[in-house]
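Each remark here refers to the structure printed beneath this line.
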2 protein chains.
Amino acid sequence: MVREITDIARTHLAREGAAGLSLRAIAREMGMASSAIHRYFPTKDDLLTALIIDGYTALGEAAEASQRAGDPPAERWLALCHAVRDFAVARPHEYALLYGSPVPGYQAPADTVAPALRTTLVCGRIISDARPTPPDLAPPPPAAIGPDIEAIRAVMPGVSDDAVTRAVTAWTALFGAVSFELFGQFDNTITHRREFFDHGMRSLARYLGL
Amino acid sequence: MVREITDIARTHLAREGAAGLSLRAIAREMGMASSAIHRYFPTKDDLLTALIIDGYTALGEAAEASQRAGDPPAERWLALCHAVRDFAVARPHEYALLYGSPVPGYQAPADTVAPALRTTLVCGRIISDARPTPPDLAPPPPAAIGPDIEAIRAVMPGVSDDAVTRAVTAWTALFGAVSFELFGQFDNTITHRREFFDHGMRSLARYLGL
DNA sequence: CAGAAAAGAGAGCAGTGCTCTTGACGAGCG
DNA sequence: CGCTCGTCAAGAGCACTGCTCTCTTTTCTG
């Protein structure tokens, strides 16, 4: 029952986006009274939460599936990048739900952070396996962010301070690139999206020292 | 009249976000009938467009104001980054309107692209003035994206192919970092937001060859 | 088989964007 | 001067939303 609701919700989401999501419309499509649906999802936010968790999980699985154990780190990084982008291109509204502006009034509950971490962990593993020693002269991180670096190192053990901060920067660049493409910032500018993205991510691999 | 409406709309936007924006609420606050407001903004999308254009303009002005002519490129880049971030932190909902997920059903009209370009131009000028020759061995861009690079070079004349693509990547990293911070992706992870951002952008300056 | 618990239906409230019709007001023109 | 015409605003109304409350039906359990 819950599954059927989220499935229909996902099709609505794919067709019209998050704001076009309507509990009443879902109930109508199920031949149900509009009030009955509140028994399964008391509030619209609860439905959104379910969709978000499912989305993070699907993305995390795609990210994991992109990894082949023996591959060199640079290739694994590239595969991860394309997995994220492919997911976003295939299900743009779902991606927007995860990484776009938060739905106003909606506060993500704690249940979402574990699934959200899953994709990040794939990245962390790549860096951790590679133990990169980036080639050049990055400025040393200021003392203030030491604890933050330490916390992030939890997902990429054994990695140097410099490599940790570079990983975070590359990580934001990845999602920045995907978001820009999806949210129309590249309209009338970049036509060969996939190739451009691929090149940018290769460049970042060097930046990462992979 | 139009100005008064947009001003009130901006305060509502700042308080409750884009989805909390209600034409009726604005009319109510103005002591106006709800229907009268449609004379000035026939549709809610028209109001949004006005807010978006204003937002891009304000951000563009802040970006321009951050630049001091004599400064070295790396410092100008850093100043630009902080201008963008400061804007986003001060007016998160407005930033979300510009760079977050597009409001569903809303199609940005052509009037928005010129103001949107303004901030980008500041970045282009920095790169163009610096004419960086990035230190290391980036892979050569594939032939397919040649025309795209050519188009982007319009905002940073005289810059090498490699530097152009790096600039785009750094540009997406900048907005990726700001969006991650604003949209909650750094919650429970990074505490010293400003310092971390600053360090990342310095690192990107090296990546850019500044 | 009877009673309790769960599931659904229906009406209703307050709110939304938007349209249509109606009424006031003032400027331009014969 | 009087008359028309365009602008501005108001009001009612439509279709829709999330959500609550009450009431009935179904289903499971002891």
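Naming: A, B, ... by sequence-line order, numbering from 1 per chain.
Formation of a donor-acceptor pair under 3.5 Å by the Thr57(A) side chain with backbone atoms of Ile53(A) is found in this model. Judged by distance alone, with hydrogens and angles left aside, the side-chain atoms of Ser160(B) form a donor-acceptor pair with the main-chain N or O of Ala163(B) at under 3.5 Å.
Of all nucleotides in DNA chain C having an atom under 4.0 Å from a heavy atom of chain B, the first and last in 5' to 3' order are dT16(C) to dT19(C). Taking every nucleotide of DNA chain D with any atom under 4.0 Å from a non-hydrogen atom of chain A, the first and last of them, 5' to 3', are dT17(D) to dT20(D).
Nearest-nucleotide positions on DNA chain C for Ala36(A) and Arg39(B) put Ala36(A) closer to the 5' end. Where Arg24(B) and Met1(B) each meet DNA chain D at their nearest nucleotide, the meeting point lying more 5' is that of Met1(B).
Between Arg91(B) and Asp86(B) no salt bridge is recorded (no basic side-chain N to carboxylate O distance below 4.0 Å). Between Asp187(A) and Arg193(A), at least one side-chain N (NZ, or NE/NH1/NH2) sits under 4.0 Å from a carboxylate O, which counts as a salt bridge.
Contacts between residues 2-14 of chain A and DNA chain D, counted as heavy-atom distances below 4.0 Å, involve no residue at all.
Checked by atom type, the side-chain pair Ser101(A)/Ser101(B) shows a donor-acceptor distance below 3.5 Å. Tyr95(A) and Ser179(A) share a side-chain donor-acceptor pair at under 3.5 Å.
Ser22(B) comes within 4.0 angstrom of the backbone, heavy atoms only, and of no base. Residue contacts shown for Ile37(A) are absent, as no nucleic acid heavy atom lies under 4.0 Å away. No engagement by Met30(B) is indicated, since no non-hydrogen atom pair under 4.0 Å with the nucleic acid exists. Within the 4.0 angstrom heavy-atom criterion, no nucleotide atom of any strand lies near Leu47(B).
Atom CG in Leu47(B) sits 6.0 Å away from atom CG in Leu21(B) (nearest 0.5 Å). Between Leu98(B) atom CG and Phe183(A) atom CZ the span is 13.0 Å, to the nearest 0.5 Å.
Among residue pairs with one or both ends in residues 20-36 of chain B, none qualify as salt bridge (charged side-chain N to carboxylate O under 4.0 Å, His left out); sequence neighbours excluded. Legend: side chain to side chain donor-acceptor pair (under 3.5 Å) pairs involving residues 116-130 of chain A, not counting sequence neighbours, sorted by first then second residue: Glu64(A)-Arg118(A), Arg76(A)-Asp129(A).
Legend: residues meeting side chain to side chain contact (heavy atoms under 4.5 Å, CB included) with Arg202(B), ordered by chain and number and at least two apart, are Pro139(A), Leu78(B), Asp198(B).
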